[in-house]
Visitor: 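I am attaching a structure below and will ask some questions about it afterwards.
Nothing fancy with the numbering, it's 1 onward along the sequence.
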Amino acid sequence: MRREPVLLVIAHGSRDPRHAATVHALVRRVRSLRPGLRVETGFLDFNVPSVQGVLESLAAEGVRDVVALPLLLTRAFHAKADIPAVLRDAPRRLRIHQAEVLGPSPLLLSALERRLYEAGLTPADKSSTGVVLASAGSTDPEAIAVIADIAREWWHTGWCAVRPAFASASLPRTEDAVRELRELGCSTVAVAPYVLAPGFLPDRIARGAAQADVLAEVLGPSPEVARVLLERYDAARIPMPAAVGA
């Protein structure tokens with residue numbers, strides 16, 4: 001019987017130790033949802049093991065098939081350039097397929113909403129609450145457009161209003177979106193960080209949320225995020241293509 005491909009979760013990495021800790025917690029949750037699936041973690045920068053190091057170790061063990069899954073919410077520079085470049089340098093005996101990024105997904109909207117309820121909101125607050133969908137930001141127009149689309153989709157589920165905001169590279173900032181929702185007349189203003197792990201930019205989002213009524217936690221190792229990872233893995237593993245670089 002053919003073995004399932006190894007799932008290699010590729011995270012960006014950070015000098016902030018909370019980032020790697022959150023990534024590892026998420027991977028543990030993925031393993032708990034799919035016992036028997038081998039899940040490895042590699043980082044592009046700052047943390048170990050590196051993606052290249054994990055790929056070399058897998059090849060040395062005799063592994064053939066790998067699904068490389070970017071731990072990213074939008075398809076921006078890292079997904080389009082950095083990760084493909086690393087995968088092209090992988091040992092040639094490996095058959096690698098790059099899975100799609102995590103977002104957008106209805107499961108991620110569910111995770112965002114649950115984080116807001118954990119922070120103190122209730123479903124009854126929905127129609128009177130304006131939400132800032134606060135992402136890290138990007139110079140990639142496609143990624144920015146996706147965040148705007150998610151905000152529109154989320155608003156249609158019953159919130160008073162939903163506005164996108166960005167911690168870097170793009171505007172508006174979180175504090176500007178909070179102010180806009182106040183001026184719009186929303187009784188409550190909440191900030192929902194559309195980020196996976198704590199770090200420099202999520203901390204900037206938190207500072208921008210100072211005048212909001214509610215600040216949710218980052219998505220982190222939530223069950224919904226883990227389920228999205230497995231959905232992306234399943235979509236990528238069948239059929240397995242020829243080896244990268246072949």
Side-chain angles (χ1 to χ4, degrees), residues 22 71-76 79 100-229 231-232:
T22 302
L71 197 59
L72 301 167
L73 293 172
T74 58
R75 184 173 158 73
E100 291 297 326
V101 298
L102 303 184
S105 167
L107 284 169
L108 296 178
L109 282 181
S110 296
L112 286 166
E113 204 149 299
R114 189 163 59 78
R115 289 297 192 220
L116 286 171
Y117 296 151
E118 289 169 351
L121 293 179
T122 70
D125 299 320
K126 215 169 179 183
S127 63
S128 61
T129 299
V131 180
V132 178
L133 180 68
S135 75
S138 174
T139 57
D140 189 307
E142 178 186 349
I144 296 304
V146 166
I147 299 300
D149 288 344
I150 293 170
R152 281 192 292 272
E153 179 183 349
W154 204 14
W155 170 59
H156 287 302
T157 67
W159 296 100
C160 173
V162 180
R163 294 290 186 270
F166 307 94
S168 68
S170 308
L171 295 173
R173 295 285 184 258
T174 302
E175 53 268 34
D176 299 325
V178 169
R179 190 178 309 113
E180 180 185 350
L181 291 171
R182 291 277 186 222
E183 293 170 354
L184 193 64
C186 298
S187 299
T188 303
V189 175
V191 174
Y194 190 58
V195 292
L196 287 166
F200 176 75
L201 292 178
D203 284 349
R204 181 179 287 177
I205 290 171
R207 290 194 297 273
Q211 300 305 313
D213 302 297
V214 174
L215 171 62
E217 293 291 331
V218 300
L219 294 171
S222 64
E224 296 91 346
V225 176
R227 286 169 57 196
V228 176
L229 262 72
E231 284 186 356
R232 298 294 185 257

Visitor: Strictly by side chain to side chain donor-acceptor pair (under 3.5 Å), give each pair with a member in residues 207-220 just once, sequence neighbours left out.
Guide: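 As it turns out, the side chain to side chain donor-acceptor pair (under 3.5 Å) pairs with a partner in residues 207-220, which skip direct neighbours, are R182-D213.
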Visitor: Looking only at heavy atoms, which two atoms of S135 and I205 are closest? And how far apart?
Guide: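 Where S135 meets I205 most closely, the heavy atoms are O-CD1, 3.9 Å.
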Visitor: Which residues pass the salt bridge (charged side-chain N to carboxylate O under 4.0 Å, His left out) test with E175, not counting sequence neighbours?
Guide: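 Salt bridge (charged side-chain N to carboxylate O under 4.0 Å, His left out) list for E175, sorted by chain: empty.
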Visitor: Checking A165 now: which residues fulfil side chain to side chain contact (heavy atoms under 4.5 Å, CB included) with it, not counting sequence neighbours?
Guide: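 Here the qualifying residues are V132, T174, A177.
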Visitor: Looking at residues at least two apart in the chain, or sitting in another chain, which of them share a side chain to side chain contact (heavy atoms under 4.5 Å, CB included) with D176?
Guide: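 Scan of D176 (side chain to side chain contact (heavy atoms under 4.5 Å, CB included), adjacent residues dropped) gives P172, R173, R179.
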Visitor: List the atom of L108, the atom of G103, and the distance in Å for their closest heavy-atom pair.
Guide: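 For L108 versus G103, the nearest heavy atoms are CD1-CA, 3.7 Å.
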Visitor: If you look at every heavy atom in R232 and V101, which pair is closest and at what distance?
Guide: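 Residues R232 and V101, closest heavy atoms: NE-O, 2.8 Å.
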Visitor: Test of understanding: with side chain to side chain donor-acceptor pair (under 3.5 Å), list the residues that count as partners of R115, not counting sequence neighbours.
Guide: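 For R115 the side chain to side chain donor-acceptor pair (under 3.5 Å) partners, ignoring immediate neighbours, are E118.
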Visitor: Can any side-chain N or O of S110 pair as donor or acceptor with the backbone N or O of P106 at less than 3.5 Å?
Guide: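 Here the side-chain-to-backbone pair exists.
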Visitor: Taking all heavy atoms of L181 and all of A161, pick out the closest pair and write down the distance.
Guide: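 For L181 versus A161, the nearest heavy atoms are CD2-CB, 3.6 Å.
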Visitor: For R163, enumerate each residue passing the side chain to side chain donor-acceptor pair (under 3.5 Å) test, keeping only those at least two apart in sequence or located in another chain.
Guide: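 Residues passing side chain to side chain donor-acceptor pair (under 3.5 Å) with R163: E180.
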Visitor: Could you give the distance from CD (E224) to CG (L102), rounded to the nearest 0.5 Å?
Guide: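 The CD atom of E224 sits 12.5 Å away from the CG atom of L102.
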Visitor: Donor-acceptor pairs under 3.5 Å, side chain of residues 193-202 to any protein atom, not counting sequence neighbours: which ones?
Guide:
none

Visitor: If I take atom CG from residue L72 and atom CD from residue E100, how far apart are they, to the nearest 0.5 angstrom?
Guide: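 Answer for the CG-CD pair, L72 versus E100, is 11.5 Å.
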Visitor: Which atom pairs, donor and acceptor, lie under 3.5 Å between side-chain atoms of residues 145-152 and protein residues at least two apart or in another chain?
Guide:
from	atom 1	to	atom 2	distance (Å)
D149	OD1	R152	NH2	2.2

Visitor: Per the ring pair (Phe, Tyr, Trp, His ring centres under 6.0 Å) rule, what does the pair list look like for residues 104-156, sequence neighbours excluded?
Guide: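 Residue pairs with at least one partner in residues 104-156: W154-W159.
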Visitor: Looking only at heavy atoms, which two atoms of V191 and A134 are closest? And how far apart?
Guide: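 Where V191 meets A134 most closely, the heavy atoms are CG1-CB, 4.1 Å.
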Visitor: Sequence neighbours left out, what passes side chain to side chain contact (heavy atoms under 4.5 Å, CB included) with I144? Give chain and number order.
Guide: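 Result, side chain to side chain contact (heavy atoms under 4.5 Å, CB included) vs I144: S138, F166, S170.
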Visitor: Quick one: CG on L116 to CG on D125, what's the gap to the nearest 0.5 Å?
Guide: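 Going from the CG atom of L116 to the CG atom of D125 covers 10.5 Å.
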Visitor: Taking side chain to side chain contact (heavy atoms under 4.5 Å, CB included) as the test, write out the residues that go with C160, two or more places apart.
Guide: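 With neighbours one apart ignored, the set is C186.
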Visitor: Excluding sequence neighbours, so at least two apart, what forms salt bridge (charged side-chain N to carboxylate O under 4.0 Å, His left out) with D140?
Guide: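 Residues passing salt bridge (charged side-chain N to carboxylate O under 4.0 Å, His left out) with D140: K80.
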Visitor: For residues V225 and V228, determine if any side-chain heavy atom of one lies less than 4.5 Å from a side-chain heavy atom of the other.
Guide: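 In short, these two side chains do not touch, never coming nearer than 4.5 Å.
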Visitor: Could you give the distance from CG (L229) to CG (L71), rounded to the nearest 0.5 Å?
Guide: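 Going from CG on L229 over to CG on L71, the span is 6.0 Å.
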